[in-house]
Trainee: 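The structure follows.
What you are looking at is a predicted structure, and each value in this text was computed from that prediction instead of being measured. For ligands, and for the atoms within them, numbers begin at 1 and follow the listed sequence.
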Amino acid sequence: MDKKAIDALLDRFETTGVVGPANPRIQTIFRRLMGDLMLAIEELDISSEEFWQGLNFFAEAGRNNEFGLIAPGVGLEHFLDLRMDEAEARAGLKGGTPRTIEGPLYVAGAPVCQGEARLDDGKTPGDLIAMSGVVHGADGKPVPHAQVEVWHADSRGNYSYFDTTQSPFNLRRTIIADAQGRYKFRSIMPLGYSAPAGGSTDKLLKMLGRHGTRPAHIHFFVTAPGHRKLTTQINIENDPHLWDDFAFGTREGLIPPIKLNSDPVAMAAMGTDQPFQELSFDFHLNAAEVRAPETDIARLRAAA
Ligand code: MBD
Ligand code: FE
């Protein structure tokens, strides 16, 4: 079948069974994607068996609620980041902390803490970490009371809420920075997440000869009035998967040095007799009044 025959078929789809006005945006997108799919079937000579296998794969992925994981795993979520970077560059925006993918594991409604927080519930095994920094605004000055939402996996790579063995909102907090824009928290060292074994993402990645593992990371939403929302992560340096992230989330500028603090005074202040890992990372936000697409992206998210 050639392009003309496919086009004629798509014309018929737009003029058959019509009972009212179409949503023109959906109609345009639908026509394009359907036409591209038909062309791919034609040019790759996709068999009927392959077609139904593919359909069943999507159906199962839906039943497993894994499309939110497939999107980063096939690089589409990173692709959206690259498009947003380009849109911001065109709008004349430069500087600012690099964005990177949100992923599917944020949960709205975490406890709100002023200035500092303890993220772990005290019964989660893992090495103590301490992280702190300052939120800077478009003028380079600290932003008083900026909001820092933080979430990360436990030492097995699992996220609370999705892992029902963890306590509610374990390793998740909303920290309101102090009057000097400073935030700090203590928690436990995360391990990189892996796509669930035997799931749709895992099956797809295996067929592509790929693993489904991320390097250890900590997620952030940083928001402040008058500024564009920042969605980002920091990575734990030295992770073997640092530059081999199945979700393509690692970026230059998001790998702060980590150092062991063995100062007895600092250890005592943390209530521990063991040295602990320390990280410092400042966030730099961009001004809101810019002709680039919104970064506060509406999407379906879990809420406890
Ligand atoms: C994660 O923890 C994550 O951050 C992403 C982007 C995808 C899957 C799991
Ligand atoms: Fe994650």
Trainee: What do we get for His217 next to ligand 1 when only non-hydrogen atoms under 4.0 Å count, side chain, backbone, both or neither?
Mentor: side chain

Trainee: Could you check if a side-chain atom of Thr231 sits within less than 4.5 angstrom of a side-chain atom of Lys229, using non-hydrogen atoms only?
Mentor: yes

Trainee: Between Arg99 and Thr295, does a side-chain hydrogen bond (donor to acceptor under 3.5 Å, both in side chains) hold up when you go through it step by step?
Mentor: CA-CA 10 Å; Arg99 78 183 77 259; Thr295 55; 5.5 Å; no

Trainee: Anything under 30° is parallel, anything over 60° is perpendicular, the rest tilted; go ahead and classify Trp151 against Tyr106.
Mentor: perpendicular

Trainee: Answer yes or no: is there a side-chain heavy-atom contact under 4.5 Å between Thr165 and Asn158?
Mentor: no

Trainee: From the Fe ion (ligand 2) out to just under 2.8 Å, does an N/O/S atom of Tyr193 turn up?
Mentor: no

Trainee: Which protein heavy atom lies closest to atom 2 (O) of ligand 1, and at what distance to 0.1 Å?
Mentor: Tyr159 OH, 2.9 Å

Trainee: Examine all N, O or S atoms of His217, backbone included, and report whether one is under 2.8 Å from the Fe ion (ligand 2).
Mentor: yes

Trainee: Go through ligand 1 atom by atom and flag the ones less than 4.0 Å from a non-hydrogen atom of Pro104.
Mentor: 5 (C), 7 (C), 8 (C)

Trainee: Salt-bridge test for Glu77 and Arg299: reply yes if a basic N is under 4.0 Å from a carboxylate O, no otherwise.
Mentor: yes

Trainee: So for Glu77, does at least one of its heavy atoms come nearer than 4.0 angstrom to any atom of ligand 1?
Mentor: no

Trainee: His219 to ligand 1: N or O pair under 3.5 Å?
Mentor: yes

Trainee: Would you please classify the geometry between the Phe67 ring and the Phe58 ring as parallel, tilted or perpendicular, with 30° and 60° separating the classes?
Mentor: parallel

Trainee: Report yes or no: do Leu285 and Val134 belong to one cluster of Ile/Leu/Val/Met/Phe/Trp/Tyr joined by side chain heavy-atom distances under 4.5 Å?
Mentor: no

Trainee: Considering only heavy atoms from C-beta outward, does the side chain of Tyr159 approach that of Leu171 to under 4.5 Å?
Mentor: no

Trainee: Give me the nearest non-hydrogen protein atom to atom 9 (C) of ligand 1 as residue plus atom name, then the distance to 0.1 Å.
Mentor: Tyr193 CD2, 3.2 Å

Trainee: What atoms of ligand 1 come within less than 4.0 Å of a heavy atom belonging to Leu69?
Mentor: 7 (C), 8 (C)

Trainee: Below 4.0 angstrom from a heavy atom of Leu105, which ligand 1 atoms are there? Numbered from 1 as shown, please.
Mentor: 1 (C), 2 (O), 9 (C)

Trainee: Mark up the atoms of ligand 1 that fall under 4.0 Å of a heavy atom belonging to Gly103, in ascending order.
Mentor: 5 (C), 6 (C)

Trainee: To check your reading of the model: name the closest protein heavy atom to atom 3 (C) of ligand 1, its residue, and the distance in Å.
Mentor: Arg214 NH1, 3.3 Å

